[in-house]
Number of protein chains: 2
Amino acid sequence: MTETRDDTFVSGYLLYLLAASSEEASAQFHDHIRAQGLRVPEWRVLACLVDNDAMMITRLAKLSLMEQSRMTRIVDQMDARGLVTRVADAKDKRRVRVRLTDDGRALAESLVASARAHEARLLSALADTDAARIKGVLRTLLDVLDRPAEGA
Amino acid sequence: MTETRDDTFVSGYLLYLLAASSEEASAQFHDHIRAQGLRVPEWRVLACLVDNDAMMITRLAKLSLMEQSRMTRIVDQMDARGLVTRVADAKDKRRVRVRLTDDGRALAESLVASARAHEARLLSALADTDAARIKGVLRTLLDVLDRPAEGA
DNA sequence: TCGATTTATATGATTTTTCATATTTCTGAC
DNA sequence: GTCAGAAATATGAAAAATCATATAAATCGA
């Protein structure tokens with residue numbers, strides 16, 4: 001247990017705490033995703049589309065925190081698996097809208113339900129004050145980050 | 001600005017908030033890392049070694065949130081670049097200790113200084129209450145996650 | 001002390017990811 | 001309308017990450 005004690009730079013560094021929390025908090029649920037034969041990026045796409053079907057590839061990529069060319073290929077694979085279909089946008093032919101198939105929607109909804117349950121378990125493991133604060137703090141951080149930003 | 005309004009599942013989902021915060025908070029600094037000709041995983045190794053030189057590959061991998069075989073190859077490259085050297089552990093010959101070279105240490109220390117400065121800027125962009133809370137909340141989450149865990 | 005097990009690292013093969021760029025379509029200035 | 005540039009997607013080639021497993025060294029029990 002008594003690893004090299006931790007008053008180190010890394011253990012208190014905000015970007016480390018964020019990366020590690022994200023990684024570890026997601027690990028269990030990501031295992032669940034993979035157990036369903038999906039990869040994590042595919043799950044992210046499904047979750048986005050449940051919220052808002054027929055998104056463009058570009059927006060899907062932004063929301064799923066990944067590059068456009070990667071998203072293109074992920075959509076390829078999901079299309080091949082019958083989870084989504086590509087639909088041309090009538091107004092703008094450059095755009096590709098990604099739409100859930102019935103299978104895709106069913107899977108997505110079931111996974112969202114699992115995700116909610118898993119999240120509830122995570123939050124219930126925290127003290128009430130922490131559980132109440134965590135999302136707010138993260139949202140605030142995201143807000144700050146989305147603003148133009150003045151300094152380097 | 002008025003993207004499809006956001007009272008969606010994803011935008012309030014803890015694992016998304018964590019991943020997005022981590023991603024976006026790190027983006028600027030990671031650009032800085034790459035501008036120095038380093039990749040992010042290499043920076044992580046340097047940061048770990050500044051805290052605690054001559055770590056084993058396995059421990060380095062765990063702390064840097066990546067797989068062992070990947071860490072082996074990253075150490076290969078850092079070794080080739082003259083940032084670290086491999087040192088056999090006298091007590092246990094299976095172990096490989098990774099030690100900073102002088103160049104590696106100089107680079108690492110300079111990057112840690114930048115990291116601290118960047119972190120200070122991030123925190124100062126938050127309201128005092130949020131800045132005061134964020135690390136504590138994340139640490140609590142990490143603590144909870146490291147505990148055995150009872151339910152599925 | 002022998003053999004079985006576990007731990008630490010490395011490696012080959014495959015799959016992902018990235019990077020740069022091509023292609024198509026749209027937009028705006030003229 | 002035409003042209004220059006921007007935006008959305010796709011794709012080839014290269015780099016990186018993963019997975020399974022090999023190798024080597026330690027540990028634990030009988």
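Below, read A as the first sequence line, B as the second, and so on, with proteins coming before strands; counting in each chain starts at 1. Quick note: numbers below take in every heavy atom, side chains included, and nothing from hydrogens, waters or symmetry partners.
Between B:Met71 atom CE and D:dC19 atom C1' there is a gap of 18 Å when expressed in whole angstrom units. A:Arg95 has its CZ atom 14 Å from the P atom of D:dA10, to the nearest Å. Between the CG atom of A:Asp89 and the C1' atom of D:dA8 there is a distance of 11 Å, given to the nearest Å. Atom P of nucleotide D:dT18 and atom NE2 of A:His30 are separated by 13 Å, given to the nearest angstrom. One can place CE of A:Met56 at 14 Å from C1' of C:dT24, the figure rounded to the nearest angstrom. If you take CZ of A:Arg97 and P of D:dA10, they are 13 Å apart, rounded to a whole angstrom.
Ion pairing between B:Arg94 and B:Asp92 holds under the 4.0 Å rule for side-chain N and carboxylate O.
Under the 3.5 Å distance criterion, the side-chain polar atoms of A:Thr101 are matched with a main-chain donor or acceptor of A:Leu83. A donor-acceptor pair is defined here as one N or O able to donate and one able to accept, closer than 3.5 Å; no such pair exists between the side chain of A:Lys93 and the backbone of A:Ala88. Panel note: side chain A:Gln68, backbone A:Thr58; no donor-acceptor pair is recorded below 3.5 Å. Looking only at distances, no side-chain donor or acceptor of B:Glu24 sits under 3.5 Å from a matching main-chain atom of A:Leu145. Under a 3.5 Å cut-off, the side chain of A:Ser110 and the backbone N or O of A:Ala106 do not form any donor-acceptor pair. Of the possible donor and acceptor atoms, one in the side chain of B:Glu42 sits under 3.5 Å from a partner among the backbone N and O of B:Arg39. Between the B:Asp51 side chain and the A:Val10 main chain, a donor and an acceptor come within less than 3.5 Å of each other. When atom types are taken as modelled, the side chain of A:Ser26 and the backbone of A:Ser22 share a donor-acceptor pair closer than 3.5 angstrom.
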For nucleotides 1-6 of chain C, tabulate all protein N/O to nucleotide N/O atom pairs closer than 3.5 Å, reporting atom names and distance.
none

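In the model, A:Ser11 has a side-chain atom that pairs as donor or acceptor with a side-chain atom of A:Thr8 under 3.5 Å.
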task = Using a 4.0 Å heavy-atom cut-off, write out nucleotides 11-19 of chain C from 5' to 3' as B (base contacted by protein), S (sugar-phosphate only) or - (no contact).
result = BBB--SSBB
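Annotation: B:Lys62, atom NZ; neighbour count of heavy atoms from other residues, nucleotides and ligands within 6.0 Å does not exceed 12.
Taking five base pairs at each end of the helix from C:dT1-D:dA30 to C:dC30-D:dG1 and finding the rotation axis that steps the C1' atoms of four pairs onto the next four gives two axes whose angle is 30°, to the nearest 10°.
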